[in-house]
Protein chains: 2
Amino acid sequence: MNEQANRSLEALKNTASGETVASALSLAIHEHRLAPGTKLGEDEVAEIFGVSRTVVRAALQALAHHQLVDIRRNRGAFVAQPSLREAREVFEARELLEPRTAKSAAMRATPDDIDLLKRHIVDEHAALDAADQGRALRLSGLFHIEIARIADQATIAGFIEALIARSSLIIALYWRRESALCESFAHHALVGAISEGNSQRAEELMRSHLVDLHSALDLRDRPNPPRSLRDALRP
Amino acid sequence: MNEQANRSLEALKNTASGETVASALSLAIHEHRLAPGTKLGEDEVAEIFGVSRTVVRAALQALAHHQLVDIRRNRGAFVAQPSLREAREVFEARELLEPRTAKSAAMRATPDDIDLLKRHIVDEHAALDAADQGRALRLSGLFHIEIARIADQATIAGFIEALIARSSLIIALYWRRESALCESFAHHALVGAISEGNSQRAEELMRSHLVDLHSALDLRDRPNPPRSLRDALRP
DNA sequence: GCAAATCGGGTTGTATACAAAACTGTGTCC
DNA sequence: GGACACAGTTTTGTATACAACCCGATTTGC
């Protein structure tokens, strides 16, 4: 390890607490830098962040409660691999919660809220132009979370946040390469409806946006299509 | 400490793992044996269950993720005290999720499921007859959770379970003494609709049942009505 | 040569020890 | 007499040490 790398690790060391580790891992999962099934060894993570296993364990348990990682007793923590069934359930839940949330958001959004949403879309475009798919996906999720926040229902927003986190794993596992990731249009239209205060239209746009997303997944009965081979190989 | 007490503690000691501690605390909160705001000192809990603080911390963190306890840094863990706003949100979320879940349950319930629900009601009556309000409340919550399980949507069922857990705290804080806890009629009618497969009626019954519950709470703008004095007194 | 059992390395689960922070009570100064 | 400051005690946050367990490899028996 060279001097510079050592120094940057040292910098992390000073700031890294339990929450830091959890959000860093969470971000890596959201941006598809950590693939489903990857083992997260405690010692390994502890050394990377320069903290003890105690805090790593707490972070991993927090992620496990959000169902982002799967902890198997005496086996360790792995990035979760949602089953087909879970994938369907997550999107059904989103289709139940988010349209209504978008409707509320359209009724409550302030000009500041709308500016924020527009900035999100700009960032998303920038990430796509930079071919940074991971960041684009993360920003796309943040867009949905922002709408839930605007709807001013913290409890439901929390559920939606958890669903979006799992959606990121589901997309990593079941996304069809054929379908393009050009959701920006849908997001743009949504912001339009929200800024006009057209709640009915916002609700309908969100519903169809989620149906589009859902149908861009390959959720046919075939357990873990691309995973079973790698599973036998890696962990 | 006498011999016998020592032995029973020792028995606990052998079986108590992290999960055990968490569910024991959770049950105590559900049955209103632990009041909102109660401090859960790590050493105290650790000694009670005969485990180390390590496992107690994990259990408390798990409960915190379910929003049953509130962990304040360097202050410790306290049984959560949902605000009026949170209380409203929780019941709004339940009114959004549970009617639809009851509808699904009515469409999918097997005879075994219906028997289980009927047994739940019998148990509930028994607890009420024994004047065991805590147990009755817990069983009432389990009834709702069971319906969510029958609906066969694990993701949404998990959300509902979390909402019911928080509802228990909300009831502890905001329940109006005037209103009686005679929900058994509502539960009975629900089982009737479900066993007939009348999904429309099940949905409507669940909705009105939740509205009844909601309106039996005192959620007027008056922050933590019975709590602010005790709050100044205890913690 | 193959199968089964056993032994070793490595990883997780739990307990304990130490460091840091908050709360309590006392004392002093204004 | 009241308010502030300081120190002691208690409690939490983190690191480390040890025990239990799982997995893989080697060895042994058939």
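Owing to the predicted nature of the structure, the values given are computational and were not obtained by experimental measurement. Labels below follow one simple rule: chain letters A, B, ... track the order of the sequence lines, proteins then strands, and each chain is numbered from 1.
- B/Asn74 has its CG atom 11 Å from the C1' atom of D/dT14, to the nearest Å.
- Between the CZ atom of A/Arg75 and the C1' atom of D/dA20 there is a distance of 15 Å, given to the nearest Å.
- Ring planes of B/His187 and B/Phe143: parallel class, angle under 30° (limits at 30 and 60°).
- Between B/Ser52 and C/dA15 there is a side-chain polar atom (N or O) within less than 4.0 angstrom of OP1 or OP2.
- Considering only side-chain N and O atoms, A/Lys39 lies under 4.0 angstrom from the phosphate OP1 or OP2 of C/dT12.
- If you check every strand for non-hydrogen atoms under 4.0 Å, B/Arg73 touches sugar and phosphate atoms only.
- For B/Arg149, the CZ atom is densely surrounded, since the number of other residues' heavy atoms within 6.0 Å is greater than 12.
- Atom CD in A/Glu47 sits about 14 Å away from atom P in D/dA15, given to the nearest Å.
- For the pair A/Glu19 CD and D/dT14 C1', the computed distance is 16 Å after rounding to whole Å.
- Using bins of under 30°, 30° to 60° and over 60° for the plane-to-plane angle, the ring pair A/His65/B/His65 lands in the tilted bin.
- Contact annotation: A/Arg57 side-chain N/O to C/dG13 OP1/OP2 distance is under 4.0 Å.
- Identified under the salt bridge (charged side-chain N to carboxylate O under 4.0 Å, His left out) test for residues 130-143 of chain A, with sequence neighbours left out: none.
- Along DNA chain D, the nucleotide closest to B/Asp43 and the one closest to B/Thr54 are compared, and the more 5′ of them pairs with B/Asp43.
- Residue A/Ile71 contributes atom CD1, which lies 7 Å from atom P of C/dG13 at whole-angstrom precision.
- Under the side chain to side chain contact (heavy atoms under 4.5 Å, CB included) test applied with A/Ile150, the options A/Asp113, A/Thr110, A/Asp112 reduce to a single match, A/Asp113.
- Residue contacts for A/Arg53: at a heavy-atom cut-off of 4.0 Å it reaches a base atom on one of the strands shown.
- Computed from coordinates, the A/Glu44 CD to C/dT12 C1' distance equals 14 Å when rounded to whole Å.
- Remark: C1' of C/dT12 and CG of A/Asp70 are 15 Å apart, rounded to the nearest angstrom.
- Protein atom CD of B/Glu42 is 13 Å distant from nucleotide atom C1' of C/dA21, rounded to whole Å.
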